[in-house]
Amino acid sequence: MSHSNALAHFLRHVSFPPDPHLLPTALKSCPALPLARALHAAAVASGVAGDPFVASSLLHTYLRFGAAADARAVFDGAPQKTVVGWSALAAAHASRGDADGAWRLLEKMRRGNNGPGGGGGGVEPNVITWNGLVSGFNRSGRARDAVVALARMHGEGLLRPDVTGVSCALSATGDLGTEAIAVGEQLHGYAVKAGCRLDACVVTALIDMYGKCGRADEIVRVFDESCHMDVASCNALIAGLSRNAQVSETLRLFREFVAQGVELNVVSWTSIVACCVQNGKDLEAVELFREMQAQGIEPNTVTIPCVLPAFANVAALMHGRSAHCFVVRKGFLLDVYVCSALVDMYAKCGRIRNARTIFDAMPSRNVVSWNAMIGGYAMHGEAKNAVRLFDSMLMCKQKPDMVTFTCVLAACSQAGLTEEGHRYFKEMQHDHGISPRMEHYACMVTLLGRAGKLDEAYNLITEMPFEPDGCIWGSLLGSCRVHGNVDLADVAAENLFRLEPGNAGNYVLLSNIYASKKMWDGVNRVRATMKDMGLKKEKGCSWIEIKNKVHMLLAGDDSHPMMTAITEKLKQLNIEMRRLGFAPSTDFVLHDVEEQEKDDILAVHSEKLAVALGLISTSPGTPLRVIKNLRICDDCHEAMKFISGFEGREISVRDTNRFHHFRDGKCSCGDYW
DNA sequence: CTAGGGTTAG
């Protein structure tokens with residue numbers, strides 16, 4: 001209905017001349033600001049605007065539409081200042097995050113307003129005034145003020161906190177994090193004293209608070225004591241356990257709720273999907289998302305950005321596309337969270353152009369949207385595009401954050417834009433006031449390393465204002481591999497082994513550097529250390545999507561149903577590659593000897609298995625997209641180049657950092673990674 | 001016929 005139609009409709013219902021008893025009802029359901037102004041004008045014209053009920057309703061309606069100036073005018077012009085009006089204005093300040101204004105208004109109300117049009121004597125705040133402050137502060141993220149408001153209601157207001165105030169203050173307390181546990185416990189005490197600790201809302205808020213303060217034990221205790229199955233408290237329990245990394249327990253409880261017939265809603269399902277995604281259980285998340293829809297629960301604008309990273313992580317492009325279709329059908333393309341997640345999904349699934357199309361069509365963007373797109377370009381090695389987009393971000397007056405600079409610096413370091421990288425590292429600090437964090441230094445080490453300036457990279461590390469972590473030394477070690485610098489590699493490795501003694505990948509990398517220099521003593525020494533420490537190379541794992549199904553392939557695992565055909569194809573590929581001059585490289589040195597003796601096929605890296613499966617399961621010319629959990633090795637990288645050439649396929653492999661697009665025997669990374 | 005609350009989120 002257009003506004004003018006709505007106006008006609010409403011005016012019929014307020015029966016002229018406007019009735020002071022009907023106007024508040026009309027205002028309560030008034031759908032738009034112009035209509036509220038029209039009703040206001042009608043009230044003034046007929047002389048009922050001074051009625052305290054009409055004035056309060058007008059005040060609330062204006063605040064509902066965010067028309068603060070109109071609201072203020074109504075309040076200032078009202079002949080009597082009631083507690084209703086004061087409360088509404090104070091709550092409005094609080095929910096805008098204007099704590100000073102809210103507290104000032106509270107004092108003014110008690111003192112009495114003697115200004116022009118003032119109503120004389122002071123007015124004491126009531127429970128609703130205080131709760132309005134608590135709620136407003138909570139919504140605007142002013143958690144401390146919210147708790148103060150509740151305490152003052154109890155202390156100087158001599159009012160007993162009720163269900164509303166306690167629930168709302170608990171919610172605010174959770175936002176303060178673990179240190180606020182004492183405040184949370186005090187609020188729990190209020191709930192006990194007020195006799196509302198078993199109230200459904202209070203229970204939910206308590207579970208939420210304890211969950212956010214890291215007290216998994218208390219969550220379960222409060223839930224068990226409440227003894228009735230309220231869906232909101234079940235949801236709070238799931239979210240709370242998930243937040244505290246109790247993934248298997250969360251999943252078990254969720255299954256139990258399903259079995260007990262708890263009427264789970266879209267929030268419940270969204271929470272459990274999010275739980276899986278945040279804990280690396282992507283395939284489970286995909287399955288639960290499917291199950292949710294089978295149960296007749298429709299995903300909303302929160303569910304979609306929760307589940308999309310799961311599709312992105314396993315490169316389930318078809319699932320991602322069908323989610324995109326759903327988004328279009330439901331009109332969710334207006335939601336900035338949904339679109340940012342779509343941009344990220346397409347980029348991580350290898351469709352950087354589709355990502356850009358979504359990005360360009362977005363009605364509005366926030367810093368996350370820009371970061372997703374810039375990060376996407378970085379991941380694809382398209383540094384020029386990343387840098388160009390960063391420039392337009394600044395032109396659009398969007399403030400970059402530290403994630404933005406991580407993306408920009410990563411793009412520069414991967415593409416060898418050494419000068420630009422240096423410039424952005426300086427600009428970040430001087431023009432944008434962002435001091436570099438660990439990840440920025442890691443990018444700079446990679447940047448310098450790529451340019452062959454290994455000593456400069458080492459100096460940067462020693463001059464860092466804080467203790468470098470494993471990523472930093474890992475970047476240096478990676479650069480040493482490319483440039484064959486054994487001396488510096490030893491230094492980097494020594495630090496890495498100290499910081500990450502259990503990370504097998506570091507030992508493998510060092511061993512490969514020795515092997516490339518034929519320093520077999522070093523290779524054997526590293527192998528012995530690994531054996532002593534009981535470290536096994538992390539199992540390589542790759543995913544490939546074929547005809548809507550995601551296949552997972554593990555190195556050294558022959559359980560895939562198509563294994564015989566895969567083996568056959570690999571043999572063929574090996575023969576063809578060798579005929580074309582392919583020489584296997586050194587990365588095999590750390591494969592278990594026993595495994596290799598059993599059967600060569602068990603020593604094949606997972607990405608080769610995935611590509612072989614892709615080649616035999618799709619028609620000639622179909623591009624293949626593979627995702628891998630580890631960094632791609634030299635041997636596979638070289639093999640992929642050959643295969644892309646003689647099979648005439650585009651093959652993209654996303655490893656831990658970036659995309660490798662293989663085509664006609666070449667890789668988009670220019671052989672540097 | 002006027003004022004207040006809880007759970008999911010890049």
Side-chain angles (χ1 to χ4, degrees), chain A residues 19-29 51-61 63-64 82-92 94-95 125-136 138-139 146 149 153 161-172 174 196 199-209 211-212 230-240 242-243 264-275 277-278 299-309 312 335-345 366-372 375 403:
Chain A
D19 178 351
H21 293 279
L22 282 178
L23 263 172
T25 314
L27 283 162
K28 196 175 179 180
S29 51
D51 178 273
F53 284 72
V54 172
S56 295
S57 304
L58 280 168
L59 180 54
H60 277 282
T61 310
L63 288 175
R64 181 155 57 91
T82 65
V83 66
V84 177
W86 286 109
S87 303
L89 274 186
S95 60
N126 62 17
V127 176
I128 292 169
T129 317
W130 291 111
N131 282 349
L133 287 173
V134 177
S135 162
N138 179 32
R139 262 177 298 160
M153 148 156 63
D162 67 353
V163 172
T164 301
V166 171
S167 313
C168 209
L170 279 168
S171 163
C196 64
D199 173 90
C201 290
V202 173
V203 166
T204 302
L206 278 170
I207 293 172
D208 179 55
M209 181 277 292
K212 286 175 177 160
D230 175 69
V231 65
S233 61
C234 291
N235 291 346
L237 182 68
I238 289 169
S242 165
R243 205 190 307 273
L264 298 176
N265 58 19
V266 63
V267 176
S268 328
W269 286 94
T270 301
S271 306
I272 198 69
V273 167
C275 171
V277 172
Q278 286 154 12
N300 64 16
T301 50
V302 179
T303 319
I304 298 295
C306 281
V307 74
L308 282 176
D335 188 292
V336 65
Y337 293 100
V338 169
C339 290
S340 303
L342 280 172
V343 168
D344 182 64
M345 182 276 295
N366 61 17
V367 66
V368 177
S369 331
W370 289 93
N371 291 350
V403 177

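Reminder, nothing fancy here: chain letters follow the sequence lines and each chain counts from 1.
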Residue C201(A), side-chain heavy atoms: nucleotide from dT7(B), dG5(B), dT2(B) that is nearest: dG5(B)
Assign V127(A) to base, sugar-phosphate, or nothing according to its heavy-atom contacts below 4.0 angstrom with the strands shown. base
Quick check for you: among dA3(B), dG6(B), dG4(B), whose closest atom lies nearest to any side-chain atom of T164(A)? dG4(B)
Pick from L133(A), N131(A), N138(A): which one makes a side-chain contact (heavy atoms from CB on, under 4.5 Å) with C168(A)? N138(A)
P305(A): what forms a side chain to side chain contact (heavy atoms under 4.5 Å, CB included) with it, not counting sequence neighbours? Y337(A), V338(A), A341(A)
Separation of dT8(B) atom C1' from N300(A) atom CG, nearest Å, is 8 Å
Starting at CG of L206(A) and ending at P of dG5(B), how long is that distance when rounded to a whole Å? 18 Å
With sugar-phosphate meaning primed atoms plus P, OP1 and OP2, does V336(A) contact a base, only sugar-phosphate, or nothing at under 4.0 Å between heavy atoms? nothing
Measure from the side chain of D208(A), starting at C-beta and using heavy atoms only, and say which of dA3(B), dG5(B), dT8(B) lies closest. dT8(B)
Is S171(A) close enough to dG6(B) that one of its side-chain N or O atoms is under 4.0 Å from OP1 or OP2 there? no
Which part of the nucleic acid, if any, lies within reach of S271(A) when heavy atoms closer than 4.0 Å are counted: base, sugar-phosphate only, or nothing? sugar-phosphate
Which residues share a ring pair (Phe, Tyr, Trp, His ring centres under 6.0 Å) with W269(A), sequence neighbours left out: F254(A)
Taking the side chain of K28(A) as its heavy atoms from C-beta onward, which of dA3(B), dG6(B), dT8(B) lies nearest to it? dA3(B)
Measure the distance from CG on L133(A) to C1' on dA3(B) and round it to the nearest whole Å. 12 Å
C306(A) side chain, from C-beta outward: closest of dA3(B), dT7(B), dA9(B): dA9(B)
Give one of base, sugar-phosphate or nothing for R243(A), where a contact means two heavy atoms less than 4.0 Å apart. sugar-phosphate
Using atom types as modelled and distance alone, determine if a side-chain donor or acceptor of S242(A) lies under 3.5 Å from a backbone N or O of I238(A). no
Identify whether any heavy atom of N126(A) sits under 4.0 Å from a base atom; if not, whether one sits that close to sugar-phosphate; answer base, sugar-phosphate or nothing. base
Quickly work out the I207(A) CD1 to dT7(B) C1' distance and round it to whole Å. 10 Å
Considering only dT7(B), dA3(B), dG5(B), which nucleotide approaches the side chain of V84(A) most closely? dA3(B)
When all nucleic acid strands are considered with a 4.0 Å heavy-atom cut-off, which category describes S369(A): base, sugar-phosphate, or nothing? base
Donor + acceptor pair across side chains of S268(A), N235(A) (<3.5 Å): yes
Side chain D230(A) and base dG6(B) donor-acceptor under 3.5 Å: yes
Expressed in angstrom and rounded to an integer, what is the separation of R139(A) atom CZ from dG6(B) atom C1'? 13 Å
Identify whether any heavy atom of N265(A) sits under 4.0 Å from a base atom; if not, whether one sits that close to sugar-phosphate; answer base, sugar-phosphate or nothing. nothing
Atom CG of L59(A) to atom P of dG4(B): distance rounded to whole Å? 11 Å
Ignoring hydrogens and geometry beyond distance, is the side chain of S56(A) in donor-acceptor contact with the base of dT2(B) at under 3.5 Å? yes
Has the side chain of N138(A) got a donor or acceptor that lies under 3.5 Å from a partner of the other kind on the base of dG6(B)? no
Nearest heavy-atom neighbours spanning L27(A) and V54(A): CD1-O, 4.4 Å
Please pick, from dG6(B), dT2(B), dA9(B), the nucleotide with the shortest atom-to-atom distance to any side-chain atom of Y337(A). dA9(B)
I304(A) atom CD1 is separated from dT8(B) atom C1', nearest whole Å, by 13 Å
Calculate the interatomic distance between I272(A) atom CD1 and dT7(B) atom C1'; express it in whole Å. 14 Å
Of the options S233(A), S167(A), S171(A), which is the one that meets T204(A) in a side-chain contact (heavy atoms from CB on, under 4.5 Å)? S233(A)
Check every strand shown and say whether N371(A) touches a base, only sugar-phosphate, or nothing at a heavy-atom separation below 4.0 Å. nothing
